[in-house]
Structures are given as C-alpha cells and as structure tokens.
Q: 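Please find one structure pasted underneath; my questions will follow.
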Amino acid sequence: MTFNHFIDGQWQPADSQQSFVTINPATEQPIQSVAAGNSVDIDKAVKAARKAFDHGPWPRLSGKQRGAYLRKIADLINQRLDELARLEVTDNGKPFPEAKWDIEDTAGCFEFYAALAEQMDEQDSETIDLGEPAFTSKAIKEPVGVAGAIIPWNFPMLMAAWKVAPALAAGCTMVLKPSEVTPLTAIALAEIVEQAELPAGVLNIVTGTGPEAGQPLAEHPDVDKMAFTGSVPTGSRIMSMAANQVKNISLELGGKSPLIIFADTDIEQAVEWIMFGIFWNQGQVCSATSRVLVEESLYPQLLERLTEEAKKITIGEGNESGVLLGPLVNEAQYQKVMAAIERGQGEGAKLVCGGGRPEHLHQGYYVEPTIFTEVPEDSWIWQEEIFGPVVCVKSFTSEEQAVQLANDSRFGLAGAVMSNDLQRCDRVACALRAGIIWINCSQPTFVQAPWGGYKQSGIGRELGHWGLNNYLETKQITSYDPQQRW
Ligand code: TXE
C-alpha cells in the first residue's frame, strides 16, 4: 500500500501513479511506499488551499474558533505520543527519548498558537494617533493568504508544527511538502487534521522530492507566502523563485554555531553542554554548537574530559534503551559527513577521537562521535556546516579573540557562552552576530522565544508571536471626517 497525498480533505494518489520508498536508517531496509508528487499534485493542492482561503470559512472564523481546532490537533497528537515518537525513530533514526520530546513539543506548539489565535480577536485592531483631528486611523492584521511550507528531515513533525500551527492560527491555508527522506509523521499529521475535522483545503500535504514537488510549490503564482527550513543553496533557490512574484518569504537555513567557554566555567557543566550541543540528534541540528572555543588555561583538561565522555556514548538503534546516538538520517548524509571528516584530516586538522563507523554496527548509517583540534581557521571543516556528530575545538587567549573567531562565519544562527561571570556572558551575548544566544547552556528551545538567523542563516523569525507575524499582513485603514475640515 502507498500513502497518498492529503488534498482538499481527501486522500489522493499521485497524478503520475509514481511512488518512492522511505528507508529506516538503522537497518537500511524499506519502511513504506509514499506518493511521489509533481507539479500536477501541487497545483491541485494549491487550488484547494486557494478555494479554502478565498471562499471557505477558515480566515473568517474568529481566532477563538481557529484556536479550538488547533487545541483539538494538539490533543490528538498527545493521544498518539508514543506511537508517533516510534514512527519518527523508524523514519529518522533519532533516539526514542529525543523523538518523544519532539512530539511533545509538536503538541505544545499547536497549543501555544491556539492561545495566540484566541488572543487575536482582542488584539486585531490598533488605533493610530495621526495628530490630525479630521483623520482617524487604525492598523489591523489579516492573514497573508495561501502559504507554502517546505521542511527538512532533522525534526520532521516538529518542523511541520513550527509552520503549520502559526499559519493556521493566523487564518492562512497551507500546502506542506515534507522532506522526501522523512515524510511519515507529516502523513500522520494529515490523519490527525482529518480527525479534527479541519475544513477541507485548509491544510494540504503533498509528498515528493524537492525538484519535483518543492519547486512547483515555491514557483506557484497562487502561493502568497513561502516558508522554508533547509540548506543555504536550496533556500537561496527558493528566494529566487519567490522573487518572480515578490512573494513573502521566511527562511531558516544552516549554521556553524560557536560555543565559547571561559576558564572559570565548571568543567563538568562545560563537557555536558558541549556533548548535548553537538551530539544531540547526531549533530543534525541547524543550531548545533559545532565550533567550540575554550580559554587556553582550561583547554587541555577540558579536551581530555570531553574525549573521555565522547568515547563512552552508547551508539545504536534509536529504540534500544540507553542509546544516545542513533544513525544519520540516510546514506547521502552519511557520505557527506564521512567526506567532511576525510577533508578535515586532509586540511591538517588533528582527529582526536571517532572519525569512522562504530566497529560493532554492521548496518545502518552510523558515525562515531568525532572531535577535531588544531583546525585551521580558513579550513572547510571550521567554516562549513557538516550536520553530523563532528565538533571542532580550538583555544583562545582573550575575550576579544573569542568573539572575533566566533563571528568569523558566513552563518549567524546561534551561539553560546559559558562563564561564571554573568556580566561577561551578557557582553559576549551582545557581541555575537547571531539570532539565538544561549548563556551557560546550549540548545534549549522554547516555543515562546524567537528563532532564526543573521547573515546567511536566514530571513525572518519563527516561534513566539514573531512566528505568527510571519503569516500576517498589516493593513492601515484611515478615514476622513468632512465635518472637521482639514
Ligand atoms: O537539504 P535541502 P538536504 C543542511 C545540512 C544538510 C544539507 C543537505 O547541512 O547536510 O542541508 O540536506 C526540499 N525546490 N540542512 O539535501 O535540499 C527538500 O525536498 C524546492 C540544514 O536534505 O535544503 C526538503 O523538503 N524544494 C537544515 C527541503 O527542501 C527543494 C535541515 C530541505 O532539503 C528543492 C536540513 C528545490 N529545488 C538540511 N530541493 C536546517 N537548517 O535545519 C530540495 N528541496
């Protein structure tokens, strides 16, 4: 059986009758056949979303009514928590406890935007003082229209929620294209939306590859807004496609985020956050702190402790208990990371640990936790996103040098600083050119706080009220009173 597209409230086969198969990265075995969408399927989905926006009830419902649907979706996700987490493990490879956080956060994201939708009724008009008695003016918020979303494979269901929940809360309708590498939880989301009895066409899900299904979505003239998370080259292509119609876009792209550790930091805390910052989700995290900068006097001991702990990580299939590092998502990503490790060695960096497949695992796309030191600043592995369990560690001698090294990047998604001196932490946090800064930790992510990058890490902010704003237009309404004469 092939999983079909969800278009206009119905399950529809691919127009081409073609399908593709998803692979379990731990076993390298097929899991499920899924409809391979193309421009015809995308066009049907966009038409359904257009009809639902222009003529359907969704944008005309009150925020409270839309919020009630979003709460229903959250409840249905919560009811299937363990099953959805297992599905994510099978499709993506991540350890089960991490998959469970993702699904809990997915439900949390729908709840959060349900609450924002409910507040929209009170907040949707702002009076503007023009200083002219003859004129009164107000600003109102309206949904952008039909939104397209293209998402990656590293947090499959959560990335869907980060786009679907605020778009629906705002009153937009949407066409979502999940990554062809991990489409299964997006299909489960379609089942949930159907069960929640969302009006037809409000959320449409088309599965398929980037060039076959993603590109026609980004190029479609009836899509008013594109939201994308993924690589810089694909993001840049989507921006060019959107440029033809001057489409509203938001992009969340890659990173090469620094973690700066000053010598007064507790060494065990530092090791814990470095490990989490780079080995969580096998390092396939856009905000992963993949460049670690350590003050010279702490550097030797810290490197020794970090290496000891990295060697101890339990690697294996995500459903096995105690596993902290699963396989990479697919063969392509495995090859990319292995090539990066080889390239790093060729560039003169010193491989301190890892760098290969774990000996005891004979199938699956596993890569050992890998640490590089003595990494040249202009090398590929210091500058480019590897998106795997590979960290580069370097020492620094002054706060100024740490900030300069940290900012020497074309990316600016995240950064972190650890020190007992909180004034210094604040200073460094302000000096780092990135959209997300953690102090004395790395990676904790909250739906209430803005998420997005500086420089080539993207455009716009997701999450919080910033995320809702992505899907809203602002309209000025100004009226003249002839009695008052101007
Ligand atoms: O990304 P793509 P890939 C980085 C990471 C990784 C690299 C490549 O470094 O190694 O990107 O991963 C769709 N028109 N990130 O190839 O291509 C595609 O189908 C329209 C960082 O998976 O960016 C998928 O749904 N859409 C990142 C989505 O884009 C297209 C997360 C992402 O795929 C398209 C993932 C096209 N021409 C990878 N081509 C992060 N920032 O979190 C592809 N797509």
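Start at 1 with the first residue, then count along the sequence. Whatever order the structure lists ligands and atoms in, that order sets their numbers, starting from 1. Excluded from the calculations below are hydrogen atoms, water molecules and symmetry mates; all remaining heavy atoms, backbone and side chain alike, are included.
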Q: What atoms of ligand 1 come closer than 4.0 angstrom to any heavy atom of E252?
A: 41 (N)

Q: Evaluate the 4.0 Å heavy atom contact test for atom 16 (O) of ligand 1: does a protein atom fall under the cut-off?
A: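 Not a single protein heavy atom is under 4.0 Å away.
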
Q: Does ligand 1 have an atom under 4.0 Å from some heavy atom of F155?
A: no

Q: Any atoms of ligand 1 less than 4.0 Å from a non-hydrogen atom of S179? List them with their elements.
A: 25 (O)

Q: Please could you name the atoms of ligand 1 that C286 approaches to less than 4.0 Å, counting only its heavy atoms?
A: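 Counting atoms of ligand 1 from 1, those under 4.0 Å from C286 are 40 (C), 41 (N), 42 (O).
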
Q: Nearest non-hydrogen contact with atom 28 (C) of ligand 1 belongs to which option: N281, I151, L217, V329?
A: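 Ranked by closest heavy atom to atom 28 (C) of ligand 1, first place is I151.
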
Q: Out of all atoms in ligand 1, which are within 4.0 Å of some heavy atom of K336? Include the element for each.
A: 5 (C), 6 (C), 7 (C), 9 (O), 10 (O)

Q: Taking the six-membered ring of F372 as reference, does the cationic atom of K350 (NZ for Lys, CZ for Arg) lie under 6.0 Å from its centre and within 45° of its axis?
A: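 Because its charged atom misses either the 6.0 Å distance or the 45° angle limit, K350 does not stack over F372.
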
Q: Any idea which protein heavy atom is nearest atom 30 (C) of ligand 1, and the distance to it?
A: G210 CA, 3.3 Å

Q: Starting from atom 19 (O) of ligand 1, what is the nearest protein heavy atom, named by residue and atom, and what distance separates them?
A: E180 OE1, 2.6 Å

Q: Quick one about E194 and W11 (side-chain donor to acceptor, distance below 3.5 Å, no hydrogens or angles considered), yes or no?
A: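 Yes.
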
Q: Once salt bridge (charged side-chain N to carboxylate O under 4.0 Å, His left out) is applied, do any residues pair with R433, and if so which ones, sequence neighbours excluded?
A: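 Residues passing salt bridge (charged side-chain N to carboxylate O under 4.0 Å, His left out) with R433: none at all.
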
Q: Is the closest side-chain donor-acceptor distance between Q32 and T22 under 3.5 Å?
A: no

Q: Please list all pairs meeting salt bridge (Lys or Arg N to Asp or Glu O under 4.0 Å) that have one or both residues in residues 5-29, counting only residues at least two apart or in different chains.
A: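 Salt bridge (Lys or Arg N to Asp or Glu O under 4.0 Å) check on residues 5-29 returns D8-K51.
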
Q: Applying a 4.0 Å heavy-atom criterion (strictly less than), which segment of Q284 is in contact with ligand 1: side chain, backbone, both, or neither?
A: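 Neither part.
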
Q: Of all the atoms in ligand 1, which lie at a distance below 4.0 Å from a heavy atom belonging to F228?
A: 23 (O), 28 (C), 29 (O)

Q: Using the ring of W382 (Phe, Tyr or Trp, six-membered ring only), decide whether R291 places NZ or CZ under 6.0 Å from its centre and within 45 degrees of its axis.
A: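 Relative to the ring axis of W382, which defines the angle, R291 lies inside both limits.
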
Q: Can you confirm whether the side chains of W438 and Q443 place a donor and an acceptor under 3.5 Å from each other?
A: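 No donor-acceptor contact under 3.5 Å links the two side chains.
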
